[in-house]
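Below is one structure, written out as structure tokens; the observations come after it.
When reading the values below, keep in mind they use all heavy atoms of this one structure, side chains included, and skip hydrogens, waters and symmetry mates. Note that the numbering runs from 1 along the sequence shown for the chain.
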Amino acid sequence: MLRLGRAHLMALSLLALVALAQPASAQDSIDQLPQRGTADNLESAACLICDLWTRPTLTGDWGGFRSRLQERGITFISNVTQFGFGVKGGISAPVPPPLTQGDRGAYTGRGDYSLRFDLEKFGGLPKGTLMVTAEHWWGDYGNVSLSTGAGTPAVFGAALPPAPNNEGTPYLTNFFLVQPLAQNLVVFAGKKVVVGEMDQDRFAGGNGTQQFMNQALVANPAFLTGLPYTSFTAGVVSPQQWGRIAVSVRDPEDRTRDTVGLDNLFAKGVIVAGEVRVVTNFFGLPGDQHVGGIWKGYDQRNLNFLLSPPPQYPDTTGAGSRTLSDGYTVFYGFDQYVVRYSDESDRGWGFFGRASLSDGNPTPLRYFVSGGVAGDSPLRGNRGDKFGLGWYYIGATNEFGPVPRALLSPRNGTGVELFYNFQVTPWLNLTPDIQYIKPGFDAIADEAFVYGLRANMML
């Protein structure tokens, strides 16, 4: 098994420092700058500072090298996100690790580094794209999510990639090919992260680093329960004038710790997912409606015979004597603009909502609903500020065995989240965030208040 080493991170850091030291123009060089103390030197320094505040990425154009790479078909996309959060309340009873007591604070950072290759410029497939992504985390895994007593992480981005005991280790999470075959037919295949693949909304999506932070308002927890974070998948997308159709099959074996992971494909079973998305124009404003489902055809723990709580966060299974061979979730979602600032852009705000129904066993969530309002701020929307206010409700299954019922007392959970995203520079945004959570594990946790700050930088 091959892993990216820490040397890669050091190289990226050195590259960032070198880029920051370089002038904005590829024609300038440091030895051409005027001597310190002159008026020209002060003016040049001021220009460098101005460029730092206006450039689209922190590390800039790398002296023109970044632009030349893009012209040759290689685009570098990277984000470093840092979370500083506290929780008041939450878990109040003794719990086994990795769960922790409430009333604490934590710091977590994560980075994702992607290279997108335009294969047509390499003399390969017309309009083909290869996406390669590495991710890692450092600090406290999951941040305060392990202390709230809720089944959905309150700081979702701090729990990705899901490798709780491997601080600082980069993992190759994306390595997949996208190839259009016709105007209405696009195929993809390879190792791919499941988050964001389906059931996404314009105002509530992503991976917890840009919009909402609680998983219940980022991605449908019923849809993600029991799915591998990253594994081999293949599928087709058919874009249409009225929307799109997407169908995919996925290997159930989690490949987070593997490099590419093509051995023993589908030996465990198969996951099949499909979605139909329809573009709407209610009241002359854009939106969309989508409906879909997922079927998991592999052995999963029968909750009636579960003998222990989940052994490892964010795993949803535990030791059990019997299994079920399949499970399902059907879902619906929408987003709809209410205010649009310009007909020529997607800037504006509106409503969003999700709902799903699952089997209840082996999926521990029977039903799920969420909704809210979000989008570009009416206060500073021209600066790129965003906001969101969302609510969710999780209907827990009643088919847990006696041991989890006695130890955890699973119940329905709910929560509210409010955030405001300040776009400080084109490459930096700061997001204060507060949440109220009524946890789903009544026996060990009280209601929780989560509060903190997220900083996201585009390298």
Check your understanding: Below 4.5 Å, heavy atoms only, C-beta onward: do Leu160 and Arg110 meet side chain to side chain?
Key -> yes
Revision key, fill the gap. Distance col, row Phe334:CZ vs Asp201:CG, nearest 0.5 angstrom, shows 8.0 Å
**Study point:** Set of side chain to side chain donor-acceptor pair (under 3.5 Å) partners for Gln240, sequence neighbours left out
**Key:** Ser238
**Study point:** Residue list, salt bridge (charged side-chain N to carboxylate O under 4.0 Å, His left out) with Lys438, at least two apart or on another chain
**Key:** none
**Study point:** OH/Tyr229: more than 12 non-hydrogen atoms of other groups inside 6.0 Å
**Key:** yes
**Study point:** Residue among Phe419, Phe156, Phe203 satisfying ring pair (Phe, Tyr, Trp, His ring centres under 6.0 Å) with Phe212
**Key:** Phe419
Could you pull out every donor-acceptor pair under 3.5 Å between side chains of residues 388-396 and any protein atom, sequence neighbours left out?
unit_1: Trp391; atom_1: NE1; unit_2: Thr414; atom_2: OG1; d: 3.1
unit_1: Tyr393; atom_1: OH; unit_2: Asn412; atom_2: ND2; d: 3.1

**Study point:** Which residues share a side-chain contact (heavy atoms from CB on, under 4.5 Å) with Gln210, sequence neighbours left out
**Key:** Asn79, Asn429, Asn456
**Study point:** Phe122 side, atom CZ; Arg72 side, atom CZ - distance, nearest 0.5 Å
**Key:** 10.0 Å
Point to revise | Contacts of Arg340 that satisfy salt bridge (charged side-chain N to carboxylate O under 4.0 Å, His left out) - sequence neighbours left out | key: Asp346
Practice item. Would you mind reporting whether Phe175 and Thr259 have side-chain heavy atoms less than 4.5 Å apart? Key: no
**Study point:** Set of side-chain contact (heavy atoms from CB on, under 4.5 Å) partners for Thr425, sequence neighbours left out
**Key:** Trp53, Trp427, Leu428
Exercise for review: Give the intermediate values and the outcome of side chain to side chain contact (heavy atoms under 4.5 Å, CB included) for residues Tyr113 and His136.
Suggested key: CA-CA 9 Å; Tyr113 318 96; His136 68 126; 2.8 Å; yes
**Study point:** Residues in side chain to side chain donor-acceptor pair (under 3.5 Å) contact with Thr173, at least two apart in sequence or another chain
**Key:** Glu135
Exercise for review: Flag the pair Thr129 / Phe188 as yes when at least one side-chain heavy-atom distance between them is below 4.5 Å, and no otherwise.
Suggested key: no
Check your understanding: Residues in salt bridge (charged side-chain N to carboxylate O under 4.0 Å, His left out) with Glu197, at least two apart?
Key -> Lys192, Arg250
Check your understanding: Can you check whether Arg202's main-chain N or O pairs, donor with acceptor, with Asp335's side chain at less than 3.5 Å?
Key -> yes
**Study point:** Tyr332 side chain reached by Gln289 side chain, heavy atoms, under 4.5 Å
**Key:** yes
Exercise for review: Would you mind reporting whether Phe387 and Leu379 have side-chain heavy atoms less than 4.5 Å apart?
Suggested key: no
Review point. Is it true that Lys191 and Asp251 have a side-chain N and a carboxylate O under 4.0 angstrom from each other?
Key: no
Practice item. Among residues two or more places apart or on two chains, list those pairs meeting salt bridge (Lys or Arg N to Asp or Glu O under 4.0 Å) that have a residue in residues 270-283. Key: Arg244-Glu275, Glu275-Arg277, Arg277-Asp288
Practice item. Find out whether Leu185 and Val237 are in side-chain contact, i.e. whether some heavy atom of one side chain is under 4.5 Å from a heavy atom of the other. Key: no
Check your understanding: Which of parallel (below 30°), tilted (30 to 60°) and perpendicular (above 60°) describes Tyr436 and Phe449?
Key -> tilted
Revision key, fill the gap. Separation between OG1 (Thr397) and CZ (Arg366), nearest 0.5 Å, reads 7.5 Å
Check your understanding: Does Ala163 offer a backbone N or O that forms a donor-acceptor pair with the side chain of Trp137 under 3.5 Å?
Key -> yes
Exercise for review: Can you sort out the partners of Val339 under side-chain contact (heavy atoms from CB on, under 4.5 Å), two or more places apart, ordered by chain and number?
Suggested key: Tyr341, Trp349
Exercise for review: With the side chain counted from C-beta on, respond yes when Phe223 and Ser356 share a heavy-atom pair under 4.5 Å apart, and no when they do not.
Suggested key: no
Exercise for review: For the pair Asp254 and Thr256, evaluate side-chain hydrogen bond (donor to acceptor under 3.5 Å, both in side chains) and give the outcome as yes or no after the intermediate values.
Suggested key: CA-CA 6 Å; Asp254 185 69; Thr256 300; 2.9 Å; yes
Check your understanding: Who pairs with Asp140 by side chain to side chain donor-acceptor pair (under 3.5 Å), at least two apart in sequence or on another chain?
Key -> none
**Study point:** Sequence-distant partners of Arg411, salt bridge (charged side-chain N to carboxylate O under 4.0 Å, His left out), two or more places apart
**Key:** Asp442
